[in-house]
Amino acid sequence: MSSAIRLTNTLTRQLEPFEPMVPGRVGVYLCGPTVYDLAHLGNARSAVNFDMLHRLLRHDFGVANVAFVRNITDVDDKIIARALETGVSIADLTAGSTQDYLDDLEALCVLSVTNQPRATEYIDEMIAMIQTLIDKGHAYPADDGNVLFHVPSMPDYGQLSRRSQDDIIAGARVEVSSAKRDPSDFVLWKPQKPDEPDHATFDSPWGRGRPGWHIECSAMSKAILGEVFDIHAGGNDLIFPHHENEIAQSRCANETAHMARTWLHNGMLMVEGQKMSKSLGNFFTVRDLLGQGHRGETLRLSLLSGHYRAPLDFTQAKLTEAKNRLDGWYRVWDGVTPADKVPEAVLNAIRDDLNTPQAMAEIDTLRGQSDQLAAAAQFLGLLQLTPDQWFRGGGGAGEGAGTGGDAGLSPNDIDALIAERAEAKKARDFGRADAIRDQLTETGIVLEDGAGGTTWRRA
RNA sequence: GGUACCGUGGCGGAGAGGCUACGCACCGGAUUGCAAAUCCGUGUACACCGGUUCGAAUCCGGUCGGUACCUCCA
């Protein structure tokens, strides 16, 4: 029998058994990217970590019973700024960035989501929700053209981040606008600015403008998953203010006790001990690393090598380690048909608050049963290539090149050199044989003399 | 200042009141013309100080250290 899924709920800070609201059916909303630039590794971490949740839910509840929503934020200050500075239209910028994002996720073996709403497709729903908030006394149009959510109108605001309003006001970065009734009030709708193009704004009862950041998730999750749904996930930097404000909007507009019942947050990705962030400018994009010759699976395993809630320090050593571990798995697997069932030990590790390090340790114990190992690793979204593709390049779409630097040697060239070396060995001309091997080593080709002859792989 | 999280062997990283994972690296051996790969073997770690307990790395208190969030952020 399968054990229960347990998840750490940010709302309660506790590990809780997960039970869907509607038995047998699950709804998940994951905060997706703002599309104005290539995805960085932090975006990838969130997508990959919660892809494990997606895979687990699909396994335990069935593909047809899981609604997994990941939004695309395609209206935002940064998008407009980037479009203005590059001269690319907003539509082209967001469409291109969205495709880049999806291509990167495919390389990382992230499953397609069931719904991918774009903010601009839900403007009407956002306006309706803002109007409801105004009608119910939770929001007001301010003198400066902004429509603001009035935080003191919600007595239990701050539950998710466990902040009192005093704490929030004491924060150094609160912008105290004279138009706000309370310093902690936040924007639902902002008026068009003089330098903003008309196609970046929308008509509303409060004049032309565009939605604030938080309202889109409230409107889209309601439209697709309902007023209350099972799981809402994202990076832990979104706990405050983004998710706190989503909760405020949704609960006040819908008059519900919850927005999502379970909130999951992944830890931040670090680089050299510091948080990688757009503001610090120390970030790698997924594209950077794929371009350096790292496989998507190597990146994926690296991102899953720590528990999702803990900070993850991303290093070159970690990539090497991930690559070596995958080499080992691909050697053991050797392409046999994977077992029908995912080994329970691996499933149970993931059911236990998405414990991917534990799951990988379990996989390591399956080296004697390669069909089991393959089934388990594929459940984690790994071993997606054939061993031949993995070791000798020619990977699938989006898998990135091999380690490169093979000086243009084709498999035929390599085979010819191997044949020449075999002749030299037969003649006991080991100097010549070693020279050929050294030549190949320099170009990133490793030879392995086995019982059935010599095989090669890319380092 | 407020709110959280965290300190495990060379590195990464689970677990968790007694059975001391797992990987990577290293070292020794087997194998090999030499390598590579593989196989065998070696590693007794839980920041510090107290407390609870028959027993604590695991529970409690404190200390030190690290990180994040406090209206750009996944």
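Just so we're on the same page: letters track the sequence lines, and every chain starts at 1. As the structure is a prediction and not an experimental result, all values here were calculated from the model.
The nucleotide whose nearest atom lies closest to any side-chain atom of A:Asn355 is, among B:G15, B:C69, B:A35, B:G15. Side-chain proximity of A:Ala361 to B:C34, B:C22, B:G13: nearest is B:C22. Proximity note for A:Arg13 (side chain, C-beta onward) versus B:A4, B:C22, B:G33: the nearest is B:A4. Closest to the side chain of A:Asn324, out of B:C22, B:C69, B:C24, is B:C24. Among B:A4, B:U38, B:C24, the nucleotide with an atom closest to any side-chain atom of A:Arg162 is B:A4. Considering only side-chain atoms of A:Lys78, the nucleotide from B:A74, B:C72, B:C70 that sits closest is B:C72. Side-chain proximity of A:Arg325 to the nucleotides B:C22, B:U38, B:C69 is greatest for B:C22. Minimum atom distance to the side chain of A:Arg367 is reached by B:C24, of the listed B:A21, B:C24, B:A74. For A:Glu321, whose side chain is taken as the heavy atoms from C-beta onward, the closest listed nucleotide among B:G13, B:G23, B:U71 is B:G23. The A:Ser184 side chain lies nearest to B:U71 when the options are B:A74, B:A37, B:U71.
One finds a side-chain N or O of A:Arg331 lying less than 4.0 angstrom from the OP1 or OP2 phosphate oxygen of B:U38. The side chain of A:Lys318 contributes no N or O atom lying less than 4.0 Å from OP1 or OP2 of B:G23.
Atom P of B:C24 sits at a distance of 15 Å from the matching atom of B:G41, rounded to the whole Å. Comparing the C1' positions of B:G17 and B:C59 gives an interatomic distance of 7 Å, to the nearest angstrom. Between B:A14 and B:C6, the distance separating the two C1' atoms is 15 Å to the nearest Å. Annotation: B:U44 and B:G51 have their P atoms spaced 28 Å apart (nearest Å). Distance noted for atom P between B:A4 and B:U8: 23 Å (whole Å). Comparing the P positions of B:U42 and B:C22 gives a spacing of 12 Å, expressed to the nearest Å. For B:G43 and B:A47, the P atoms lie 22 Å apart once the distance is rounded to whole Å. Comparing the P positions of B:G18 and B:G10 gives a spacing of 24 Å, expressed to the nearest Å.
Between the side chain of A:Lys78 and the backbone N or O of A:Tyr36, no donor-acceptor pair lies under 3.5 Å. Of the possible donor and acceptor atoms, none in the side chain of A:Ser250 sits under 3.5 Å from a partner among the backbone N and O of A:Ile247. Judged purely by atom type and a 3.5 angstrom limit, A:Lys180 uses its side chain to pair as donor or acceptor with the backbone of A:Asp185.
Each of A:Tyr36 and A:Pro357 was assigned the nucleotide of RNA chain B with the nearest heavy atom; the assignment lying further toward the 5' end belongs to A:Pro357. Nearer the 5' end of RNA chain B, as judged by each residue's closest nucleotide, is the contact made by A:Tyr308, out of A:His214 and A:Tyr308.
Atom CG of A:Leu41 is separated from atom P of B:C73 by 19 Å (rounded to the nearest Å). If you take CG of A:Leu303 and C1' of B:G12, they are 14 Å apart, rounded to a whole angstrom. Atom-to-atom, CG of A:Leu319 to P of B:G13 comes out at 13 Å; the value is rounded to the nearest Å. One interatomic measurement links the two molecules: OH of A:Tyr330 to C1' of B:A36, which rounds to 21 Å at whole-angstrom precision. When rounded to the nearest whole Å, the span between CG of A:Leu326 and C1' of B:G23 equals 11 Å. In this structure, A:Arg45 places its CZ atom 12 Å from C1' of B:A68, rounding to the nearest Å. Distance, A:Leu304 CG to B:G23 C1': 14 Å, rounded to whole Å. Atom pair A:Ile363:CD1 and B:C24:P shows a separation of 13 Å (rounding to whole Å applied).
Scanning all heavy atoms of the two residues, the minimum distance from A:Ala375 to A:Pro338 falls at N-CB, 3.9 Å.
A:Leu238 comes within contact range of the sugar-phosphate backbone alone, with a heavy-atom separation under 4.0 Å but no base atom that close. Backbone-only engagement by A:Gly234 is indicated by non-hydrogen atom pairs under 4.0 Å involving sugar-phosphate atoms exclusively. Among the heavy atoms of the strands, none lies under 4.0 Å from A:Arg70. Here A:Asn266 lies in heavy-atom contact (under 4.0 Å) with a base. Residue contacts for A:Gly267: at a heavy-atom cut-off of 4.0 Å it reaches a base atom on one of the strands shown.
Side chain A:Asp434 to base B:G33: a donor-acceptor pair is found below 3.5 Å. For B:C34, its base sits under 3.5 Å from the side chain of A:Arg437 at one donor and acceptor pair at least. A donor-acceptor contact under 3.5 Å links the side chain of A:His40 to the base of B:A74.
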Step by step, work out the salt bridge (charged side-chain N to carboxylate O under 4.0 Å, His left out) result for A:Asp434 and A:Arg421.
CA-CA 8 Å; A:Asp434 290 349; A:Arg421 174 167 168 272; 5.2 Å; no
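A cation-pi arrangement, defined by a distance under 6.0 Å to the six-membered ring centre and an angle within 45 degrees of its axis, is absent between A:Arg458 and A:Phe391. Remark: A:Arg261 fails to qualify as a cation-pi partner of A:Phe229 under the 6.0 Å distance and 45° angle criteria applied to the six-membered ring. Cation-pi geometry between A:Arg210 and A:Trp189 is not met: the NZ or CZ atom fails to fall both under 6.0 Å from the ring centre and inside 45° of the normal.
In this structure, B:A4 and B:U67 make a Watson-Crick or G-U wobble pair, each of the two defining distances being under 3.5 angstrom. Base pairing analysis places B:A57 opposite nothing; no Watson-Crick or G-U wobble pair with both distances below 3.5 Å involves it. Using Watson-Crick or G-U wobble geometry with both donor-acceptor distances under 3.5 Å, B:G41 finds its partner in B:C27.
Remark: A:Asp364 engages A:Arg367 in a salt bridge, criterion side-chain N to carboxylate O under 4.0 Å.
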